[in-house]
**Q** 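Encoded as structure tokens, here's the structure I'll be asking about.
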Amino acid sequence: MEYNFSNIEQKWQQLWNERGSYKVSNDPAKPKFYVLDMFPYPSGAGLHVGHPLGYIASDIFARYKRLKGFNVLHPMGYDAFGLPAEQYAIDHGIHPAVSTETNINNFRRQLDNIGFCFDWSREFRTSTPSYYKWTQWIFLQLFKSWYDRKQGKARAIEDLVKILESEGNAMHPCPGEPRLRLTAAEWKGLDHRRKEEILMGYRLSYCGYGEVNWCEALGTVLANDEVINGVSERGGFPVVKKKLRQWYLRITDYADRLLEGLEKVDFSDAMKEMQSNWIGKSFGAEVTFEVYTAATSERAGANGAGAGEAPRLTVYTTRPDTLFGVDFMVVAPEHDILNSIVPADQKGAVEEYLAYVKSRSERERMAEKKITGCFTGAYAIHPFNGLHIPIWTSEYVLAGYGTGAIMAVPCGDERDFKFAQHFNIPVTNIIGDAFNGLEANPTKDAILENSDFLDGLVMKDAIVIAIKKLEEKGIGVRKVNYRMRDAAFSRQRYWGEPFPIVWKEGIATPMDEKELPLELPHIEKYGPGPEGEGPLANIPAWTGRHLETNTMPGYAGSSWYFLRYMDPHNDEVFCSRAASDYWGQVDLYIGGTEHAVGHLLYSRMWTKFLYDRGLIGHDEPYKRLVNQGMIQGSSRFVYRLELKFIENEGQGKTGKPSMGQDAPVFVSYGIRAIEGTPEFHELVTLEVRNIYNDPSIELESIAISTLHVDVNIVDGVELDIAAFRKWRAEYADARFILEEGKYICGVEVEKMSKRLYNTVNPDDLVNKYGADTFRMYEMFLGPVEASKPWDTKGIEGVHRFLRKLWRLFFDEMKGEIWTTEKATDAELKLVYKTIKKVEDATERFSFNTGVSALMIGVNELTDLRCHKKEVLEKLLVILTPYAPHVSEELWQLLGNEGSVLDAAYPAVEEKYLVESTKNYPIAINGKTRTELNIALDATQQQVEELVLADDLVKKWLDGKAPKKVIYVKHKMINVVV
RNA sequence: GCCCCGGUGGCGGAACUGGUAGACGCGCAGGACUUAAAAUCCUGUUUCCCGCAACGGAAGUACGGGUUCGAUUCCCGUCUGGGGCACCA
């Protein structure tokens, strides 16, 4: 009886399915454990071997927890709204609902192949009305809420209205209009429109104006991804910034709690750091400078009015201590002040510069090494020494951060310094020797000079004093700033959740909750609407109802989906309190780091919001987060020759090969490497003459094109030439210049992508080796968290392991060989040692060493010729999370009742593992020289005597007395000479 | 540019908190079984030096420094690969 994985796997998948083995109920009697994968966006390309990595890890952990007696929730669903489906619709005219359905079915089939323990009865898609009804509902709750900073939580907007009516907004300034001050009487005196406008400034989801990437030629808004070097990825049309009405989430109100919450969760330090960098809390001051400009008087003169009020410039700085090192100011190119301070003689230059900046994406502006900028012609007046400080504008200052303006201190800030150097702006040194004139020094520990009332102070102490002085003068204020901005929550797209908002005379009005869901209408035309509006603006029935034409972004549905799995079929509420109280936080969340700042912050914010409003009982969604690494593709390349033949008139021939002249010729990697040398030219000429059997051929030039080739027709680096000829019709007659009889391909590690022909389909591997082998191999590849290139080569080793395991139970010749004999101590010791290692590895998420421990266990049992049920069935239980099919089959064949899925995880009996001595490595001066077996309870003195009596140690000591003997119990012994 | 992570044999990786570097697997080489192949099993496999051999020596975890009795692990600097940077999901 041999290991027939494909029969076994089919049989058990079917049986488990029929029995509902993975169905889980909300059973308060059992301890719960919630294991969640970041749900997939079902792309048309299907699964490649990189996708299941995290799913396999979570599946192993979920199964492990189940064996440990937990009620495990392990669901799966689809994040089904998104741009690619819509783009596909535009290109192919297939409705996103249709292509999404097809993709999901394909995903499901591929997932089923691998034998996951998902409870599919809880599946949902974010794009179905029964789901997005609740996304819309939560959006409305956000719309109807504001953030009370005094209480530190979200409250109903009605509460705010009551406060405004009774006491005005003195205690609760409006985040949308920070300078607005209202008494109760003033509030009551406002008209409806103005009241709504002010309330909008408080709402947690609100409407405002923001800049987007606008492509006039495509008539659409583009994602940053779709913009490359200032032009659209598709078509290469110019892209500019455009202001459009947008919806936002006021996530900045949650900035502090999102930061503090990180202390309560088990995320990697790297992840926490990324999130807190994103939030970017900084402490500093806003400082307002008077501005001197000729423009004011020009304008005043033109208006015939007086000098008018002088414009002012407010900057944000984290280093008010460097106030006397300011050599210039820089404002963002979008800064409003540029409308009023640029004098006539600088206008041309500034406008030219602004036009240049407009074409550049934010990313490019940040990444660019090139230093650009333009003097505005205006000056800020230093509040303490009255110096005139030139005001520049430059793209390195971003409008969205702080006040969009900075005071530049070149001796202390690297970017400021480079800017000063580039434009020959003299640098003031306020830190003496700490500044060497060659590069900025951002220290806070230097002693200030040339700094008036700050002279002689250490910089970090001067910060407080400077702020105090600024506040006294009324020109500055202490300010906490966040790098994080409110989250843009609308898209000018079709394939997303419609906003349940009706525009009544320009006022955004929430729909009645009873009318939800507001269903996405079916459309035939996916193109953008007029004026950059979304496709919904093309539907008269939609615009006729004055419905919002934007849709929600991809992250809307994913910001709360982990709650829906707890109660997926509830029509009354997004998730019952009973369900969310039982399942609580996601105990283990697995997904890629690419979601570090987007999805994870949004879902954390939504959770906090729902908690604030009493809708759920916990305010952090994920207890523990594990980031699986990215499986990269290992691309293979072939090198096609682009030959130019010399016309050869003298012989009455063209010199061109007479046959197969269109057949492409490829050179092997090693030959390509000498491209450009005379040897290369000679070699290729010779080979081409051979190939075409025409000795008169002369080549004028040889160029090489590097082309991706499907990794599946390359064995290691050697191209399968026959398969290559079949791969593409145009390569059917391909010729090759080989090295040592082989065609060697180039190799590069890249993202795994269909476009690069480096994808490996899990289906093929499951067919060939079985799901159990595939699962174990993915884990064996390396740590789950690590990124690594895929290589199918080692899969045979894991497959051999499973066959070797099988042979502990069955022999090809003798058949059944397992017995019910009593196990020996040695055998029990071995299996307990294995259990301990595997359990420990599983807990630590070190599945690669878990697999390794299982391999060692099987190897050693084989060496002991141990075929005893008592031992083997323990092994099967610990193997179950990794290889459930073969474990279940063997479990049954051993005559066990019930499924191995519900067996109890074997407890380690420590008494079999106790050791009394250890082989200690003995090092002389830190270099291991020998080993000694010493009792574990030996004292320092006993150890010293034993070690110094050893012949080898004596030899190394060479008669000298040791300085010290270091004895670390359980570890090693080091003799210092 | 900024932020985060990584770099160990021919390859994937192991060494959990500083304590025998290279577990386990792949590949490769040699051997056994076989008419042959597959499957399976056995032996070897970081590099260099010496040697019949050794449980002989030296070097060695990207590179250069440092801390320590002892560093793949901690610190500083350099190089290099990957991920993210707000409308891909």
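Not measured: the values here are computed from a predicted model. Within every chain, numbering begins at 1; the chains are lettered A, B, ... in the order of the sequence lines, protein sequences first and strands thereafter.
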**Q** Of the options B:G12, B:C3, B:C88, whose atoms approach the side-chain atoms of A:Asn277 most closely?
**A** B:C3

**Q** Taking atom P in both B:U8 and B:G70, compute the distance separating them and give it to the nearest angstrom.
**A** 26 Å

**Q** Which of these nucleotides, B:C24, B:A21, B:C26, is closest to any side-chain atom of A:Thr928?
**A** B:A21

**Q** Could you please name the partner base of B:U72, counting Watson-Crick and G-U wobble pairs only when both distances are under 3.5 Å?
**A** none

**Q** Would you say the ring centers of A:Phe810 and A:Trp806 fall short of 6.0 Å from each other?
**A** yes

**Q** Distance check needed: B:C55 C1' versus A:Ile922 CD1, whole Å only.
**A** 14 Å

**Q** Out of B:A59, B:U40, B:C24, which has the shortest distance to the side chain of A:Asn859?
**A** B:C24

**Q** Can you confirm if the aromatic rings of A:Trp247 and A:Phe489 lie within a centre distance of less than 6.0 Å?
**A** no

**Q** Looking at B:G84, B:C11, B:G12, which one has an atom nearest to any side-chain atom of A:Asp791?
**A** B:C11

**Q** When you measure from the side chain of A:His595, which nucleotide among B:A89, B:G12, B:G82 comes out closest?
**A** B:A89

**Q** What is the base-pairing partner of B:U47, counting Watson-Crick and G-U wobble geometry with both distances under 3.5 Å?
**A** B:A58

**Q** Roughly how many Å apart are B:G6 and B:C75, using the P atom of each and rounding to a whole number?
**A** 11 Å

**Q** Looking only at atom C1', what distance separates B:U72 and B:G18, rounded to whole Å?
**A** 10 Å

**Q** Rounded to the Å, how far apart are A:Ile631 CD1 and B:G83 P?
**A** 14 Å

**Q** Less than 4.0 angstrom from a charged side-chain N to a carboxylate O is my criterion; do A:Lys833 and A:Glu860 meet it?
**A** yes

**Q** Go through B:A86, B:G83, B:C87 for me and flag the one nearest to the A:Met630 side chain.
**A** B:G83

**Q** Nearest to the side chain of A:Val221, heavy atoms from C-beta on, is which of B:C87, B:G13, B:C24?
**A** B:C87

**Q** So what does A:Asp840 hit on the nucleic acid, given a heavy-atom distance under 4.0 Å: a base, only sugar-phosphate, or nothing?
**A** base

**Q** Say you pick atom P in B:C3 and the same atom in B:U61; how far apart are they, in whole Å?
**A** 29 Å

**Q** Using purine N1 to pyrimidine N3 plus N6-O4 or O6-N4 for Watson-Crick, or N1-O2 and O6-N3 for G-U wobble, each under 3.5 Å, what pairs with B:C85?
**A** B:G1

**Q** Less than 4.0 Å between a side-chain N and a carboxylate O, is that true for A:Arg245 and A:Glu548?
**A** yes

**Q** If you check the A:Asn848 side chain, which of B:A14, B:A58, B:U20 turns out closest?
**A** B:A14

**Q** Could you check whether A:Leu83 gets within reach of a base, just the sugar-phosphate, or nothing at all, counting any heavy atom under 4.0 Å?
**A** sugar-phosphate

**Q** Applying the Watson-Crick and G-U wobble criteria at under 3.5 Å, what pairs with B:U17? Answer none if nothing qualifies.
**A** none

**Q** Could you tell me how far apart A:Tyr482 (OH) and B:C3 (P) are, to the nearest whole angstrom?
**A** 21 Å

**Q** Which is true for A:Pro84 with a 4.0 Å heavy-atom rule: it touches a base, it touches only sugar-phosphate, or it touches nothing?
**A** sugar-phosphate

**Q** Has A:Arg485 got a side-chain N or O lying under 4.0 Å from the OP1 or OP2 atom of B:A86?
**A** no

**Q** Quick one: is B:A58 close enough that its OP1 or OP2 comes under 4.0 Å of any side-chain N or O from A:Arg929?
**A** yes

**Q** With a 4.0 Å cut-off on heavy atoms, is A:Arg415 in touch with a base, just the backbone sugar-phosphate, or nothing at all?
**A** nothing

**Q** Assign A:Gln246 to base, sugar-phosphate, or nothing according to its heavy-atom contacts below 4.0 angstrom with the strands shown.
**A** base

**Q** Mind checking A:Met484 for me? I need base, sugar-phosphate or nothing, with any heavy atom below 4.0 Å counting as a touch.
**A** base

**Q** Would A:Tyr78 and A:Tyr41 count as a close aromatic pair, with their ring centres under 6.0 Å?
**A** no

**Q** In whole Å, what is the span from the CE atom of A:Met552 to the P atom of B:C87?
**A** 16 Å

**Q** B:C69, B:C24, B:A86: which one has an atom nearest the side-chain heavy atoms of A:Ile856?
**A** B:C24

**Q** Could you tell me if the ring centre of A:Phe81 sits under 6.0 Å from that of A:Tyr132?
**A** yes

**Q** With a 4.0 Å cut-off on heavy atoms, is A:Glu931 in touch with a base, just the backbone sugar-phosphate, or nothing at all?
**A** base

**Q** Describe the nucleic acid contact of A:Pro783 in one word from base, sugar-phosphate, nothing, applying a heavy-atom distance below 4.0 Å.
**A** sugar-phosphate

**Q** When both hydrogen-bonding distances must be under 3.5 Å and the geometry is Watson-Crick or G-U wobble, what is B:G25 paired with, if anything?
**A** B:C11

**Q** With sugar-phosphate meaning primed atoms plus P, OP1 and OP2, does A:Lys804 contact a base, only sugar-phosphate, or nothing at under 4.0 Å between heavy atoms?
**A** sugar-phosphate

**Q** Only one of A:Phe39, A:Tyr561, A:Trp560 passes ring-ring contact (aromatic ring centres under 6.0 Å, His included) with A:Tyr131; say which it is.
**A** A:Trp560

**Q** Looking at every strand, decide which applies to A:Gly82 at a 4.0 Å heavy-atom threshold: base, sugar-phosphate, or nothing.
**A** sugar-phosphate

**Q** For nucleotides B:G44 and B:G25, find the distance between their P atoms and express it as a whole number of Å.
**A** 14 Å

**Q** In whole Å, what is the span from the NZ atom of A:Lys971 to the P atom of B:U17?
**A** 10 Å

**Q** Of the options B:A89, B:A39, B:A86, whose atoms approach the side-chain atoms of A:Trp278 most closely?
**A** B:A86

**Q** Is A:Asn974 side chain donor-acceptor paired with the B:C69 base, going by distance under 3.5 Å alone?
**A** yes

**Q** Determine the interatomic distance between P on B:C11 and the same-named atom on B:G27; round to the nearest Å.
**A** 15 Å

**Q** B:U40 phosphate, OP1 or OP2: any side-chain N/O from A:Arg803 under 4.0 angstrom?
**A** yes

**Q** NA contact type, A:Lys964, heavy-atom cut-off 4.0 Å: base, sugar-phosphate, or nothing?
**A** nothing

**Q** Name the pairing partner of B:G6, where a pair is Watson-Crick or G-U wobble with both distances under 3.5 Å, or state none.
**A** B:U80

**Q** Confirm from the modelled atom types if A:Gln492 and B:C87 form a donor-acceptor pair under 3.5 Å, side chain to base only.
**A** yes

**Q** Nearest whole Å is fine: how far is B:G84 C1' from A:Arg483 CZ?
**A** 11 Å

**Q** Is the distance between the ring centroids of A:Phe5 and A:His799 less than 6.0 Å?
**A** yes

**Q** For A:Met274 and B:C85, what is the distance between atoms CE and P respectively, to the nearest whole Å?
**A** 11 Å

**Q** Syn or anti: how is B:G9 classified when any glycosidic angle within 90° of 0 counts as syn?
**A** syn

**Q** When the P atoms of B:U45 and B:A54 are compared, how many Å lie between them, rounded to an integer?
**A** 10 Å

**Q** Taking the side chain as every heavy atom from C-beta outward, state whether A:Ile56 and A:Phe774 have any pair of such atoms under 4.5 Å apart.
**A** yes

**Q** Are any of A:Arg807's side-chain N or O atoms less than 4.0 Å away from OP1 or OP2 of B:A39?
**A** no

**Q** So what does A:Ser43 hit on the nucleic acid, given a heavy-atom distance under 4.0 Å: a base, only sugar-phosphate, or nothing?
**A** nothing

**Q** Could you tell me which nucleotide pairs with B:C33 by Watson-Crick or G-U wobble geometry, both distances under 3.5 Å, or answer none if nothing does?
**A** none

**Q** Grab the CE-P distance between A:Met779 and B:G12 for me, whole Å please.
**A** 18 Å

**Q** Could you tell me how far B:C55 sits from B:G22 if I compare only their P atoms? Round to whole Å.
**A** 14 Å

**Q** Closest-nucleotide mapping onto RNA chain B: is A:Thr930 or A:Arg491 further toward the 5' terminus? I mean the 5' end.
**A** A:Thr930

**Q** Looking at A:Asp840 and A:Arg844, is any side-chain nitrogen of the basic one under 4.0 Å from a carboxylate oxygen of the acidic one?
**A** yes

